[in-house]
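Here is the structure we will look at.
Both backbone and side-chain heavy atoms feed into the values below; hydrogens, waters and symmetry mates do not.
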Amino acid sequence: MDSGKSRSEVTGHSGWLIPLGVFVVTAGLSALVLGYYLAPSPSSFIEQRPSPAPRTDPVTITVRGRKFTVPANYLEYAGARRGGPQRNVALFAALPDFHGYTDAEAHVFLLNAPDSPVVYMLLGDERYDLSESQRLQRIYLDYVVDPRGQPAPFGLTEYQFRDDSGYRGEDLFVGQIGKHVVVLRCDRKSAHVPSPSCLRDERLPHHLSLSYRFKRAQLSRWKEIATGVDRLMHRFAHRS
């Protein structure tokens, strides 16, 4: 009686152990194949580390068919300095005159100081089919404590994001330059964010987007930064 029961248990276990083993082996092989074809190579990891260069020779890059000619010392990553088609292009420049990287100022560009004068820009595919004012009205104001906001220094209106929103830990600042609304999301300083930044996303012609960020300590210069970034993009863009 007992031996029959034991044989039955062995047979039952083997019935599900074999399919389980096949599944594990198949999953493992699939992961290896995907890893081989999709994982970035070591060289791509190296190229995606900030690697500024003092060169000022012009580099022609194309984003969504739109050509830009950028001095090499404005390009943050080595891969972009090869030129040609790019999905995204990371640039940086230093206040007050928006000059590119130099070896003499390497510490300025490479350190994450709370009052750093460096402005980081990312040019790429359009991510939002909404203008800044539309994003403000349709998205951001739904997540703030008081949608009326309150007057803030430097000609801005300040809104606080709710702590139960996806933007917790940030404040919203809104200003205007002429007819253009400028929307800035700024980190709040904390033990986890000792060097807070402000971020702006704007939509450009030709289905392009431009994001730029700067240190919250430089918020008093938001108009100067917005105007400087705009001039820089016009300087780099090819006329067509």
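- With respect to the salt-bridge test (charged N to carboxylate O, under 4.0 angstrom), the residues D201 and R135 do not qualify.
- Annotation: the span from Y74 atom OH to F236 atom CZ amounts to 5.0 Å, rounded to 0.5 Å.
- To the nearest 0.5 Å, the span separating OG1 on T60 from CZ on F68 amounts to 11.5 Å.
- Atom CG of D97 and atom CD of E224 lie 9.5 Å apart (nearest 0.5 Å).
- Rounded to the nearest 0.5 Å, atoms CG (L199) and CG (L184) are 8.5 Å apart.
- Separating the SG atom in C198 from the CG atom in L219 is a distance of 5.0 Å, to the nearest 0.5 Å.
- Residue H99 places its NE2 atom among more than 12 non-hydrogen atoms of other residues, nucleotides or ligands, all under 6.0 Å distant.
- Y159 approaches R148 most closely through the heavy-atom pair CE2-C, 3.8 Å.
- Both F154 and V182 are members of a single hydrophobic cluster when ILVMFWY side chains are connected at heavy-atom separations under 4.5 Å.
- Remark: Y101 engages F109 in a ring pair (Phe, Tyr, Trp, His ring centres under 6.0 Å) (not counting sequence neighbours).
- Annotation: side-chain hydrogen bond (donor to acceptor under 3.5 Å, both in side chains) contacts involving residues 112-122, sequence neighbours excluded, comprise N112-K215.
- By the rule that hydrophobic residues join a cluster once side-chain heavy atoms approach within less than 4.5 Å of another member, Y212 and I177 end up as members of one cluster.
- Contact detail for S195 and P114: the closest heavy-atom pair is OG-CA, 3.3 Å.
- Tested against E170 for a salt bridge (Lys or Arg N to Asp or Glu O under 4.0 Å), the candidates R162, R185, R188 yield a single pass: R185.
- In this structure, R200 and V183 approach most closely via the heavy-atom pair CG-O, 3.5 Å.
- Annotation for Y167: atom OH counts as buried by contact number, over 12 foreign heavy atoms lying within 6.0 Å.
- Contact annotation: the side chain of S131 never approaches that of V181 to less than 4.5 Å [non-hydrogen atoms, C-beta and beyond].
- Going from atom CG of L122 over to atom CG of L210 covers 8.0 Å, rounded to the nearest 0.5 Å.
- Taking each heavy atom of I61 and G83 in turn, the nearest pair found is CG2-CA, 3.8 Å.
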Working note: L91 + L75, criterion side chain to side chain contact (heavy atoms under 4.5 Å, CB included); need CA distance, chi angles, decisive distance, verdict. CA-CA 5 Å; L91 308 97; L75 297 168; 4.3 Å; yes
Audit row: R81, R55, side chain to side chain contact (heavy atoms under 4.5 Å, CB included) steps and yes/no: CA-CA 10 Å; R81 289 193 289 273; R55 295 165 29 202; 4.0 Å; yes
